[in-house]
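Sending over a structure as structure tokens; questions will come in a sec.
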2 protein chains.
Amino acid sequence: MREIEETLESKGIRPTAMRILIYKYMVEKEIALALTDIENAFIKSDRTTLYRTLKTFEENGIVHQIDDGTGTAKYAICEEHCNCELEQDLHLHFHCNSCDETVCLTEHKIPHINLPEGYKAKDVNLVVKGICDKCSGQ
Amino acid sequence: MREIEETLESKGIRPTAMRILIYKYMVEKEIALALTDIENAFIKSDRTTLYRTLKTFEENGIVHQIDDGTGTAKYAICEEHCNCELEQDLHLHFHCNSCDETVCLTEHKIPHINLPEGYKAKDVNLVVKGICDKCSGQ
DNA sequence: AAGTAGGTGCAACAGAAGTGCAATTATTGA
DNA sequence: TCAATAATTGCACTTCTGTTGCACCTACTT
Ligand SMILES: [Mn+2]
Ligand SMILES: [Mn+2]
Ligand SMILES: [Zn+2]
Ligand SMILES: [Zn+2]
């Protein structure tokens, strides 16, 4: 708890009760979460607060946003020393068509992509869809 | 014109006036288009018609849908012998942060991605963002 | 020409994202 | 300590994209 407070403070944001709870929840879940997911977990709090909390987290490099192709944005806690606010977040994401969960595969970095003449890459997004380990293990 | 009719018929859909015009428009544009883009180009036609036309096109392998990370779906004409209805569409897409256009880089196939034990890939989406050739050439 | 299947237009709805403003809570410093 | 100030939260409302139901129209079939 104290640890989470320090993490938030170290990233320059004030560790309010709400923020600590949301951070804790996201760490425990281990999968990427949509605003709606968090909304359902914190029914006593307002959507806008959760929305702005995620935005603040993102702006301060606490979470990164993931576009997994489902149409709704997902968010996941950044790794310890990730600096995705500065550079791009290089790991790939996996979306399971069976359980509908999206996870960060932080160990799996995105390979270098070469582009035609004149194109300059700033960011790369790689999402693999299929069946996750939990679902294929049945 | 006759050519477009034949293309549509060969894919099993009726070549109505509307469909021919939309197909023609998408071929000429050469970039991936959102429903709204097409809507603005065909103000006399209804959103729903355009929406369902794109859906029909997609279901019959005439266009493929692209999620470029902007939050709105884009559509682009499929290559001559692409069979993205059956397998996944393997080329990568590029979104320019300057002109906001998304293009298919059909020559650039997505490299093989290896996944952790238990994960099974069915589809891969790779989007590179940055500055396109037209915009960097200035 | 009548019947039928497919295509189109209108209206309405759902969900996600985003904004303005007032109320509340936390921090500052006199 | 306590008023002033700044940050955070909650409520209401809007916009945008995607989607569906239903009625009407149009084009093929026999
Ligand atoms: Mn991630
Ligand atoms: Mn493409
Ligand atoms: Zn799964
Ligand atoms: Zn450009």
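Labels below follow one simple rule: chain letters A, B, ... track the order of the sequence lines, proteins then strands, and each chain is numbered from 1. Side chains included, hydrogens not; waters and symmetry mates left out as well; all remaining heavy atoms used.
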Original post:
Can you name the residues that form a salt bridge (Lys or Arg N to Asp or Glu O under 4.0 Å) with A:Glu28, not counting sequence neighbours?
Top reply: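 Salt bridge (Lys or Arg N to Asp or Glu O under 4.0 Å) check on A:Glu28 returns A:Lys24.
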Subject >> Contacts of type side chain to side chain contact (heavy atoms under 4.5 Å, CB included), residue B:Thr16, not counting sequence neighbours >> reply: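 Testing B:Thr16 for side chain to side chain contact (heavy atoms under 4.5 Å, CB included), a comparison that skips the adjacent residues, returns B:Met18, B:Arg19.
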**OP:** Would you please name every residue forming a ring pair (Phe, Tyr, Trp, His ring centres under 6.0 Å) with B:Tyr25, sequence neighbours left out?
**Re:**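 Expected list: B:Phe42.
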Subject >> Contacts of type salt bridge (Lys or Arg N to Asp or Glu O under 4.0 Å), residue A:Glu30, not counting sequence neighbours >> reply: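 By the salt bridge (Lys or Arg N to Asp or Glu O under 4.0 Å) rule, A:Glu30 matches no residue at all.
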Original post:
Atom CG of A:Leu54 to atom C1' of D:dT8: distance rounded to whole Å?
Top reply: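 Roughly 15 Å, once rounded to whole Å.
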Subject >> Under 4.0 Å protein heavy-atom contacts per nucleotide of nucleotides 16-30 of chain D, with B for base, S for backbone only and - for none >> reply: -SBBBBB--------
Original post:
Starting at CD1 of A:Ile38 and ending at C1' of D:dT9, how long is that distance when rounded to a whole Å?
Top reply: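 Rounded to the whole Å, the gap is 16 Å.
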Show me, pair by pair, the donor-acceptor contacts under 3.5 angstrom made by side chains of residues 95-103 of chain B, not counting sequence neighbours?
{"unit_1": "B:His95", "atom_1": "ND1", "unit_2": "B:Thr102", "atom_2": "OG1", "d": "2.8"}
{"unit_1": "B:His95", "atom_1": "NE2", "unit_2": "B:Asp100", "atom_2": "OD1", "d": "3.4"}
{"unit_1": "B:Glu101", "atom_1": "OE1", "unit_2": "B:Lys134", "atom_2": "NZ", "d": "3.0"}
{"unit_1": "B:Thr102", "atom_1": "OG1", "unit_2": "B:Asp68", "atom_2": "OD2", "d": "2.5"}

Subject >> CG-CD distance between A:Leu54 and A:Glu59, expressed to the nearest 0.5 angstrom >> reply: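 CD of A:Glu59 is found 11.0 Å from CG of A:Leu54.
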**OP:** Taking side chain to side chain contact (heavy atoms under 4.5 Å, CB included) as the test, write out the residues that go with A:Arg47, two or more places apart.
**Re:**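 A:Arg47 satisfies side chain to side chain contact (heavy atoms under 4.5 Å, CB included) with A:Leu35, A:Glu39 once adjacent residues are dropped.
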Show me the donor-acceptor pairs within less than 3.5 Å that the side chains of residues 106-115 of chain B make with the rest of the protein, sequence neighbours left out.
{"unit_1": "B:Lys109", "atom_1": "NZ", "unit_2": "B:Thr106", "atom_2": "O", "d": "2.8"}

Subject >> Range on DNA chain C touched by chain B, heavy atoms, distance below 4.0 Å >> reply: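 Footprint of chain B along DNA chain C, 5' to 3': C:dG6 to C:dA11.
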